[in-house]
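Only one structure is covered here, and it is reproduced in the block below.
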There are 2 protein chains.
Amino acid sequence: MNIKHNKEDILRKGMELFRLNGYHNTGTKEIIKEAGISRGSFYNFFIDKDDFGIQVLDYYGVWSTDYMKELLNDTKLNPKQRLIHLFDLFIEGYKRDHYKWGCLLVGMTQELGQINPSFSNACERNFESFVAVFQACIEEGQAAGVISEKQDARGLTLTMLSMYNGALVLMKSGMHHEPLEAFQTQLALILTP
Amino acid sequence: MNIKHNKEDILRKGMELFRLNGYHNTGTKEIIKEAGISRGSFYNFFIDKDDFGIQVLDYYGVWSTDYMKELLNDTKLNPKQRLIHLFDLFIEGYKRDHYKWGCLLVGMTQELGQINPSFSNACERNFESFVAVFQACIEEGQAAGVISEKQDARGLTLTMLSMYNGALVLMKSGMHHEPLEAFQTQLALILTP
DNA sequence: AATCAATTAGACCAATCTATCTAATTGCAA
DNA sequence: TTGCAATTAGATAGATTGGTCTAATTGATT
């Protein structure tokens, strides 16, 4: 056996490039160059660009949910405060990097959702992971009486995720911070019982 | 002078294809074929594909805002009811077409926002038209006391638009109707004073 | 140290994409 | 009807893309 390059490093670079510039705007040439590997290596690890894309999606899903779970386990805060804190941190990060990032799932859904069922399955699967993580926290908050029960946990989770994803799109379109701020304001309102 | 093909017909076809399959997934070949024109004609009307893309964006913006304005002028309903009615109609349309459409501005922002400033400008410009139309209605509703004032008109508009765009993304990813329903439920909640 | 399967390098190929170019055609104006 | 500028058609060019191929290299195992 002979392992020199780390598959995970390539996935991480791909994730970065796809988030920044989209799937079609990122050529295999650029991925290979940025990851510092050769064409041969790339096709040794992945069947083709689509296979790579799907694996990047799942990598992003795990990478994100791991971080979200970590933040939502901070028992020093109540569930509502944890959610608000999580989004505060995310938004701070976007601001720090001049709003250049976005959600990979949103981008991939838009770009490939209708084209390739493998991609739309991967997007849905990973969105559902996000939902699961958030929903658990919201259920806990509702049971504890610190999160509004005007909408059921699943519905409130979908709403919150929609609002966040949509705010990121407006942010990326050039409005930058304002939609994020509106999101933060409204998030507090809809979570409060 | 010699006009055979209508520029607007080509723009409409382009809008349709870009909404369905995205910008990079739609070749000039397909646009030409679907619009029933020749390559020569296309490049007679438009400088290049990017120029076409920008014009499609603006065409979509005008086409959408015209329809929204029409719906939001229905004085038989109060401003809050008008907004809810508008989204009900939109969502009904998505359902009827099996959730295959999406918002062109969302797609273009994701696909080209970081790549080409002309595109991000066009996206922001058209998003701002949407905001203007909705904000006028929300302001009217707040003044009349039928729309919540917990968030200022601009903020509430951005929130609502984010929520809607985000719900469309989840819809497109394969969740179909559920996120739209969650949106409708929450929309009524956040608008109510 | 020798062996050998796995990995790597990057030239190369085929397909595709955008855009151009020229000849044929169109339809208005005189 | 004729003349002419504008439009159209579609072959073709040039660039870029994703993917393959083979020879060289690597490193674990014996």
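As the structure is a computational prediction, the values presented were derived from the model and not from experiment. Here is how names work: the chains are called A, B, and so on, in the same order as the sequence lines, proteins then strands, and each is numbered from 1.
Between A:Phe87 and A:Phe134, the two ring planes are parallel [angle under 30°; tilted spans 30° to 60°].
Follow the hydrophobic side-chain contacts under 4.5 Å out from B:Leu20 and you reach B:Leu112 in the same cluster.
Regarding A:Phe46, its CZ atom lies at a distance of 15 Å from the P atom of D:dG18, rounded to whole Å. Per the geometry, CZ belonging to A:Phe52 stands 12 Å off P belonging to D:dG19, to the nearest Å. Counting to the nearest Å, the P atom of D:dT7 and the NZ atom of B:Lys7 are 12 Å from each other. Atom CD1 of B:Ile32 is separated from atom C1' of C:dT20 by 12 Å (rounded to the nearest Å). What separates NZ of B:Lys33 from C1' of D:dG10 is a distance of 16 Å, to the nearest Å.
Note on A:Asn44: a base of the nucleic acid sits closer than 4.0 angstrom, heavy atoms only.
Side-chain N/O atoms of A:Gln151 and B:Gln186 include a donor and acceptor closer than 3.5 Å. Using a 3.5 Å distance cut-off with no hydrogens or angles, the side chains of A:Lys7 and A:Gln55 do pair a donor with an acceptor. When only modelled atom types and interatomic distance are considered, B:Ser41 and B:Ser38 share a side-chain donor-acceptor pair under 3.5 Å.
With sequence neighbours left out, the ring pair (Phe, Tyr, Trp, His ring centres under 6.0 Å) criterion links A:Tyr59 to no other residue.
Residues of residues 115-123 of chain A having a heavy atom closer than 4.0 Å to DNA chain D: none are found. Non-hydrogen atoms lying under 4.0 Å from DNA chain D are contributed by A:Thr26, A:Gly27, A:Thr28, all within residues 15-31 of chain A.
Sorted by first and then second residue, the salt bridge (Lys or Arg N to Asp or Glu O under 4.0 Å) pairs with a member in residues 167-193 of chain B read A:Arg154-B:Glu178; sequence neighbours excluded.
To the nearest 0.5 Å, the span separating CG on B:Asn116 from CD on B:Gln114 amounts to 11.5 Å.
The aromatic ring centres of A:Phe52 and A:Phe42 sit less than 6.0 Å apart. Aromatic ring centroids of B:Phe119 and B:Tyr23 lie under 6.0 Å apart.
Between B:Ser38 and D:dT8 there is no side-chain polar atom (N or O) within less than 4.0 angstrom of OP1 or OP2.
Of all nucleotides listed (D:dG19, C:dT8, D:dA9), D:dG19 comes nearest to the side chain of A:Lys49.
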Listing, residues 88-105 of chain B side-chain donor-acceptor contacts under 3.5 Å, not counting sequence neighbours, or none:
| from | atom 1 | to | atom 2 | distance (Å) |
| --- | --- | --- | --- | --- |
| B:Asp88 | OD1 | B:Gln184 | NE2 | 2.7 |
| B:Asp97 | OD2 | B:Trp101 | NE1 | 2.9 |

All N/O pairs under 3.5 Å across the protein-nucleotides 20-22 of chain D interface:
none

